[in-house]
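Report on the following structure.
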Protein chains: 2
Amino acid sequence: MAQKQENLSKNQKIVLDFIEKANQPLKAYSILFNVQKKGLKAPPQVYRALDRLVEIGKVHKIESKNAFVACKNSNCTISNATAFSICDGCEKVTEISNPKLSKYLSGFQDNSGMKYNKYNLEFFGLCKKCR
Amino acid sequence: MAQKQENLSKNQKIVLDFIEKANQPLKAYSILFNVQKKGLKAPPQVYRALDRLVEIGKVHKIESKNAFVACKNSNCTISNATAFSICDGCEKVTEISNPKLSKYLSGFQDNSGMKYNKYNLEFFGLCKKCR
DNA sequence: TTGAAAATGTTATATTATAACACTGTTACA
DNA sequence: TGTAACAGTGTTATAATATAACATTTTCAA
Ligand SMILES: [Zn+2]
Ligand SMILES: [Zn+2]
Ligand SMILES: [Zn+2]
Ligand SMILES: [Zn+2]
């Protein structure tokens, strides 16, 4: 159910706008601080926008960092299948876009009887510069 | 660098003991509440024990839930390669032990120049009962 | 038009986690 | 045996992350 940006509400646009300009994960309260000039004064306004943006796949949450990053895949239908590369040195986070990986994981099944419809994968390591 | 339980400190033993008996993820403050009778009265005592237990692989953190669960793999050398199955219905969390999956992910490389040494994967879905 | 759903604004509070500092135990080895 | 290094402990306070609750407004399709 990908939603076009034109359909976003005012607060959702403001928050997405700021996150997209950042091209790095942002903390909710850092977003809040930075959009106060735009009229969003309280945490719930930011968290509600984030919740919706995450729901529609425009934004992903980096769970290990409690931070939010804009989706870099033009096609948002894979918001239920996310993979990230995280450098423990410089904290750089990149969304992995690897068809083989996503195909492998989307098709993953075990004998537990679980029916999976979503996954989130976070890889950690060191980037070139940090080695 | 797997560490034997005998090497654990008093607080670490108390916390691990409680988590192991739970066979489900526990929140830090729920652990704190439950070990107060054992003398751990303040958050840092629990968080410090958790930090160490996570570090040595005895406990894993379920990032999407801010909860902690005992490692079910007798062999703790894979604490840098974790995968979980999470039911969105009943919240049941199971550590996935699947050699093919872990081999695939441990060997994963992309052309970004990142050298990975750790990953965490969380699958979401519905278990048999919750479907 | 009107009513349901979504979004907003606001205050207060809950939940999760760490900083800082004084003190204690354990280990190694000069 | 002294003593230095280090890990662990106890404690208070506070930082950081997130949601509850409720009144109001906007949107938009039936
Ligand atoms: Zn994405
Ligand atoms: Zn780096
Ligand atoms: Zn494990
Ligand atoms: Zn279930």
Side-chain angles (χ1 to χ4, degrees), chain A residues 1-19 22 24-69 91 93 120 122, chain B residues 1-19 22 24-69 91 93 120 122:
Chain A
M1 235 54 76
Q3 179 168 347
K4 298 201 218 74
Q5 174 148 10
E6 306 93 70
N7 296 338
L8 295 179
S9 75
K10 170 175 147 279
N11 288 1
Q12 288 158 13
K13 274 182 203 158
I14 291 172
V15 169
L16 178 56
D17 226 55
F18 185 68
I19 296 179
Q24 71 178 298
L26 297 174
K27 303 291 207 124
Y29 275 73
S30 144
I31 297 168
L32 173 58
F33 179 80
N34 280 278
V35 297
Q36 282 183 334
K37 54 183 77 83
K38 303 264 187 186
L40 282 81
K41 297 184 202 153
Q45 294 174 287
V46 167
Y47 278 104
R48 285 191 293 228
L50 286 173
D51 284 349
R52 184 84 182 104
L53 291 167
V54 166
E55 192 180 312
I56 65 178
K58 287 294 201 184
V59 165
H60 302 306
K61 182 173 185 183
I62 310 299
E63 295 287 357
S64 62
K65 295 193 172 300
N66 296 318
F68 299 85
V69 70
E91 306 252 283
V93 173
N120 179 57
E122 299 181 4
Chain B
M1 241 55 72
Q3 181 167 348
K4 299 201 218 71
Q5 174 147 10
E6 306 94 71
N7 296 339
L8 295 179
S9 75
K10 171 176 146 275
N11 288 0
Q12 288 158 14
K13 274 182 203 158
I14 291 171
V15 169
L16 178 57
D17 224 58
F18 185 68
I19 296 178
Q24 70 178 296
L26 297 175
K27 303 292 205 121
Y29 274 73
S30 144
I31 296 168
L32 173 58
F33 179 80
N34 280 279
V35 296
Q36 281 183 332
K37 54 181 76 82
K38 303 265 187 184
L40 284 79
K41 299 187 199 146
Q45 296 175 286
V46 168
Y47 278 103
R48 285 191 292 226
L50 286 173
D51 285 350
R52 185 83 182 104
L53 292 167
V54 166
E55 193 180 312
I56 64 178
K58 286 294 201 184
V59 165
H60 302 306
K61 181 173 185 184
I62 310 298
E63 295 286 358
S64 62
K65 296 194 171 299
N66 297 318
F68 300 85
V69 70
E91 307 251 284
V93 173
N120 179 56
E122 298 182 3

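So you know, we letter chains A, B, ... as the sequences are listed, proteins then strands, and number each from 1.
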[N] phosphate, OP1 or OP2, under 4.0 Å from [X] side-chain N/O:
X: B:Lys10; N: D:dG8; answer: no
X: B:Asn66; N: C:dA17; answer: yes
X: B:Asn11; N: D:dT9; answer: yes
X: B:Lys41; N: D:dG10; answer: no
X: B:Tyr47; N: C:dT18; answer: no
X: A:Arg52; N: C:dA7; answer: yes
X: A:Gln45; N: C:dG9; answer: yes
X: B:Lys38; N: D:dG10; answer: no
X: A:Ser9; N: D:dT27; answer: no

**Prompt:** Which heavy-atom pair separates A:Ile19 from A:Val69 by the least distance, and what is that distance?
**Reply:** CG2-C, 3.8 Å
**Prompt:** Hey, does the side chain of B:Glu122 reach the backbone of B:Glu63 with a donor-acceptor pair shorter than 3.5 angstrom?
**Reply:** yes
**Message:** Using modelled atom types and a 3.5 Å cut-off, is there a donor and acceptor pairing between side-chain atoms of A:Lys65 and backbone atoms of A:Leu26?
**Reply:**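 Such a contact is absent between A:Lys65 side chain and A:Leu26 backbone.
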Rounded to whole Å, how long is the line connecting atom [atom1] of [X] with atom [atom2] of [N]?
X: B:Phe33; N: C:dT15; atom1: CZ; atom2: P; answer: 13 Å
X: B:Leu50; N: D:dG8; atom1: CG; atom2: P; answer: 14 Å
X: B:Leu16; N: D:dG8; atom1: CG; atom2: C1'; answer: 17 Å
X: A:Arg48; N: C:dA5; atom1: CZ; atom2: C1'; answer: 14 Å
X: A:Leu32; N: C:dG9; atom1: CG; atom2: P; answer: 13 Å
X: A:Leu8; N: C:dA6; atom1: CG; atom2: P; answer: 15 Å
X: A:Lys27; N: D:dA15; atom1: NZ; atom2: P; answer: 16 Å
X: A:Ile62; N: D:dT17; atom1: CD1; atom2: P; answer: 14 Å

**Message:** Go nucleotide by nucleotide along DNA chain D from the 5' end; which of A:Pro44 and A:Ser30 gets its closest nucleotide reached first?
**Reply:** A:Ser30
**Asked** Out of curiosity, A:Leu50 CG to A:Leu16 CG, how far, rounded to the nearest 0.5 Å?
**Response** 10.0 Å
**Message:** Is A:Tyr29 stacked against the base of D:dT17, taking the criterion as centroid distance under 5.5 angstrom and interplanar angle under 30°?
**Reply:** yes
**Message:** Are the side chains of A:Lys61 and A:Asn66 in contact, using a 4.5 Å heavy-atom criterion?
**Reply:**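 The answer is yes, as the side chains (C-beta and beyond) meet within the 4.5 Å cut-off.
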**Request:** Mind checking A:Lys65 for me? I need base, sugar-phosphate or nothing, with any heavy atom below 4.0 Å counting as a touch.
**Result:**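 No contact.
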